[in-house]
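The structure appears below as structure tokens.
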Amino acid sequence: MSENSMDKPNIVTCAAPVNIAVIKYWGKRNEELILPINSSLSVTLHQDQLKTTTTVASSRSFQEDRIWLNGKEEDITHQRLQSCLREIRRLARKRRNDGDPGLDSTGLSHKVHICSVNNFPTAAGLASSAAGFACLVYTLARVFGVEGELSGIARQGSGSACRSMYGGFVQWIMGQKDDGKDSLAQQVEPETHWPELRILVLVASAERKPIGSTSGMQTSVETSCLLKHRAESVVPSRMAEMIEAVQRKDFTAFAELTMKDSNQFHATCLDTYPPIFYLSSVSQQVISLVHRYNRHYGETRVAYTFDAGPNAVIFTLQQHVPEFVQLIQHFFPSDTNGGQFIKGLPVNSASISEDLKQAIGLEPMPKGINYIISTKAGPGPCVVEDPTQHLLGSDGFPK
Ligand code: DP6
């Protein structure tokens, strides 16, 4: 190898998905290792609509590890970034010492440049840390030539990130061990399992910046006895019921558990002292609309769930999407024309009957919802083979 080619960075680009929990993770038993007080379950969203793309370059000539997020250089000494870098390098070293001949031992000492972007606006208020840390860990693993179970490392970036390491329906098993070795994500069913299931992200116009999940759940663990009850006595059986509902593709059971679990999570936020409010008046209007819609048809056709912010994520079956979207547009009239209001998977137009409008009977909230992202369950992280997609140039700096 010539001097020149040895200095050329090794560059890998990967993409990873966002996930939305239907059984919520809220509360840690170990802050540093990010070990949860209960198991959780999520649906991985399709990367055509929502994903993080990350390029990692490693080179002998880099002086230090560096990171650029959405175009801006960020502090690499951030504790959770350091955990992920350290754990991947530790794993690579272990594999090499165990005699894996596939490992290039020189690369281990190389510093890395990391560049990451989202294909959705951060302002949309969607948790980007899950996709971000999942993508970081997946890409670093490729660069350092390590394979296998990586969700335990992604978990140390952000708890929910461990679930973004798999596609489809994913559980994060809380584990029992103090060292967290058994606190891992596992696929329950692949993304192809339930093709009729559709997901709508209703991006609400945010009034204020909500309290972050990390500090929010810390205060909940310290002050909420409802959270303790939930973790010990509600979630274990709910996890089992949810897994069964997913496996049987039982929409009614899936939808009811999803809504009840979201409501209980927000109840624990209110039980936190001082209380935390993530739901806005728009969120409450969406909740009412969903329940009135289901009541009108005498069956559970639509479910909502909310994370640490006001955006509703809606689950429904393909056949109900056009009417429900039309209903959202009616009760949350916007300035934008239809094309811009709905992003992602195309939605056929539909008409809604006067009967239905009356059954809903809510006062329209103009501009309450900015836009809808229409999507479905999708696959886990993947390597982006096309070198033109690298976010770092051959010099190892952002393009
Ligand atoms: C409400 O994973 O963002 O979205 O582990 O502190 O990084 P940290 O928290 P994070 O919490 C997500 C909380 C949630 C529910 C969920 O995704 O399960």
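We count ligands from 1, going down the list as the structure has it; atoms in each ligand are counted the same way. Sequence positions, counted from 1, serve as the residue numbers for this chain.
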Short N or O distance, Thr214 and ligand 1, threshold 3.5 Å exclusive: yes
Going by atom types alone, do Ser40 and Arg163 pair a side-chain donor with an acceptor below 3.5 Å? yes
Verdict with reasoning, Arg230 to Asp261, per salt bridge (Lys or Arg N to Asp or Glu O under 4.0 Å): CA-CA 10 Å; Arg230 162 180 166 73; Asp261 202 72; 2.8 Å; yes
Evaluate the criterion salt bridge (Lys or Arg N to Asp or Glu O under 4.0 Å) for residue pair Arg90 and Glu87; output intermediate values, then yes/no. CA-CA 5 Å; Arg90 195 206 301 275; Glu87 292 307 310; 2.8 Å; yes
Mark up the atoms of ligand 1 that fall under 4.0 Å of a heavy atom belonging to Ile34, in ascending order. 5 (O)
Which of parallel (below 30°), tilted (30 to 60°) and perpendicular (above 60°) describes His78 and Phe133? tilted
Compute whether any side-chain donor of one residue and acceptor of the other, for Gln186 and Gln171, lie under 3.5 angstrom apart. yes
Would Trp172 and Ser183 count as having a side-chain donor-acceptor pair, cut-off 3.5 Å? yes
May I ask whether Arg155 places a heavy atom under 4.0 Å from ligand 1? no
Atoms in ligand 1 flagged as close to Ser160, the criterion being non-hydrogen separation under 4.0 Å: 2 (O), 3 (O), 10 (P), 17 (O)
Contact atoms of ligand 1, heavy-atom distance to Ala21 under 4.0 Å: 16 (C), 17 (O), 18 (O)
Ligand 1 atoms nearer than 4.0 angstrom to some heavy atom of Lys28 are 5 (O), 6 (O), 8 (P)
Greater than 12 external heavy atoms within 6.0 Å of Glu32's CD: no
Run the numbers for me: atoms of ligand 1, each under 4.0 Å from some heavy atom of Met217, listed by number. 9 (O), 11 (O)
Quick check on Lys181: does its NZ atom have over 12 non-hydrogen neighbours (other residues, nucleotides or ligands) under 6.0 Å away? no
Gly159: numbered ligand 1 atoms lying under 4.0 Å from its heavy atoms: 2 (O), 5 (O), 7 (O), 8 (P)
Whether Phe265 lies under 4.0 Å from ligand 1, heavy atom: yes
Logged contact type for Ser158 with ligand 1, heavy-atom cut-off 4.0 Å, is both
Can you sort out which atoms of ligand 1 are near Arg80, meaning under 4.0 Å from one of its heavy atoms? 6 (O), 7 (O), 8 (P)
